[in-house]
Amino acid sequence: GRLLGSHLILTGCNAGKAGRAVVEALLAAQRLQADRIDRIVATGYGRNSVDFADKAITEIACHARGANYMYGPSVRTVLDMGGQDCKAISVSSSGKVLDFIMNDKCAAGTGRFLEVMARALEVDLDGFGALSLEARNPAAISSLCTVFAESEVISLIAKGARRANIIAGIHASIGARVVAMANRLKLQ
């Protein structure tokens with residue numbers, strides 16, 4: 001009924017190996033032996049690669065249940081802006097997935113999109129948000145494609161646009177894209 005611990009590592013190219021490393025780190029942190037584990041459930045893109053898991057559940061179901069657990073039965077919509085895709089999830093009062101929409105065709109509106117934009121702007125991703133807040137006149141980023149948006153950003157840099165304004169424009173573009181996607185669900 002409560003969270004005992006958490007551990008975060010980069011998955012890398014071997015989700016099963018990463019899963020084992022996380023379990024070992026958690027066992028060590030909690031001073032537990034592996035035989036004390038009743039059940040292991042894997043989630044995320046690598047869930048089916050974790051061969052020692054008792055069950056695999058989609059991250060969509062985990063987000064819905066987790067939001068319900070953390071914030072209660074009033075949660076009805078969850079937005080998941082991940083590294084590779086973006087999801088809007090409609091949730092029941094008991095934490096079950098009612099419907100979802102996923103942007104999986106393009107990286108725009110994802111963590112990868114932000115990484116590409118940060119690299120193009122030569123800004124550390126951790127400082128992206130703070131710089132965006134310094135914007136006086138957010139730039140218009142019209143392209144929804146990562147490659148074309150990167151070209152727009154490079155063009156704006158060449159024209160002397162302030163980085164803060166470009167970053168604020170990137171954030172506004174992502175926000176508009178996510179809101180448009182989420183509005184296709186019955187939001188509550």
Side-chain angles (χ1 to χ4, degrees), residues 3 5-15 17-19 21-22 25 43-47 58-60 62-64 66-67 70-71 75-91 99-188:
L3 182 62
S6 64
H7 188 72
L8 178 67
I9 65 169
L10 295 175
T11 304
C13 62
N14 188 330
K17 182 178 174 184
V22 167
T43 188
Y45 286 116
R47 67 185 173 274
T58 70
E59 67 274 12
I60 295 166
C62 288
H63 291 338
M70 298 284 295
Y71 303 106
V75 171
R76 289 293 186 275
T77 305
V78 175
L79 293 177
D80 168 20
M81 296 183 68
Q84 303 299 322
D85 63 27
C86 184
K87 301 172 199 76
I89 308 164
S90 180
V91 181
D99 197 6
F100 74 93
I101 294 174
M102 187 161 117
N103 164 30
D104 62 351
K105 303 279 189 260
C106 173
T110 69
R112 182 68 186 135
F113 177 77
L114 289 171
E115 288 172 349
V116 169
M117 296 302 114
R119 187 183 65 235
L121 287 161
E122 298 177 348
V123 174
D124 187 300
L125 190 56
D126 291 336
F128 227 53
L131 267 174
S132 177
L133 295 175
E134 295 175 12
R136 292 190 194 111
N137 186 20
I141 308 291
S142 59
S143 181
L144 298 178
C145 170
T146 301
V147 174
F148 295 139
E150 183 178 20
S151 294
E152 276 188 76
V153 165
I154 291 168
S155 178
L156 287 166
I157 293 168
K159 292 177 183 174
R162 291 185 62 235
R163 285 190 176 141
N165 290 337
I166 297 171
I167 296 169
I170 290 167
H171 287 152
S173 172
I174 291 172
R177 182 177 178 89
V178 170
V179 166
M181 181 185 69
N183 279 334
R184 293 187 307 196
L185 285 178
K186 182 181 175 190
L187 291 179
Q188 294 184 13

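Note that CZ of Arg162 is 4.5 Å distant from CZ of Arg136, once rounded to the nearest 0.5 Å. Rounding to the nearest 0.5 angstrom, the gap separating the CG atom in Asp99 from the CD1 atom in Ile60 is 10.0 Å. Taking CD1 of Ile157 as the start and CD of Glu122 as the end, the distance is 7.0 Å to the nearest 0.5 Å. The line from CG of Leu156 to CD1 of Ile170 is 8.5 Å long, rounded to the nearest 0.5 Å. Note: Met81 CE to Thr110 OG1 = 8.0 Å, rounded to the nearest 0.5 Å. Here CD1 of Ile89 is found 14.5 Å from CZ of Arg76. Values are rounded to the nearest 0.5 Å.
Judged by distance alone, the side chain of Glu152 and the main-chain N or O of Ser142 form a donor-acceptor pair under 3.5 Å. The closest donor-acceptor contact from the side chain of Thr43 to the backbone of Glu59 lies under 3.5 Å. Asn165 places a side-chain N or O within 3.5 Å of a backbone atom of Asn137 that can act as its donor or acceptor partner. The closest donor-acceptor contact from the side chain of Arg47 to the backbone of Gly44 lies under 3.5 Å.
Among all heavy-atom pairs drawn from Cys86 and Met181, the shortest one is SG-CE, 3.6 Å. Of all non-hydrogen atoms in Gly169 and Pro138, the two that sit nearest each other are N-CB, 4.0 Å. For Val78 against Ala67, the heavy-atom pair with the smallest separation is CG2-CB, 3.6 Å.
The environment of Phe128 atom CZ is dense: over 12 non-hydrogen atoms of other residues, nucleotides or ligands sit within 6.0 angstrom.
The only member of Leu133, Ile166, Leu114 that meets side-chain contact (heavy atoms from CB on, under 4.5 Å) when paired with His171 is Leu114.
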Next item on the list: Apply the test side chain to side chain contact (heavy atoms under 4.5 Å, CB included) to residues Leu121 and Leu131: give CA-CA distance (whole Å), side-chain angles for both, the deciding distance (0.1 Å), then the verdict.
Entry: CA-CA 11 Å; Leu121 287 161; Leu131 267 174; over 6 Å; no

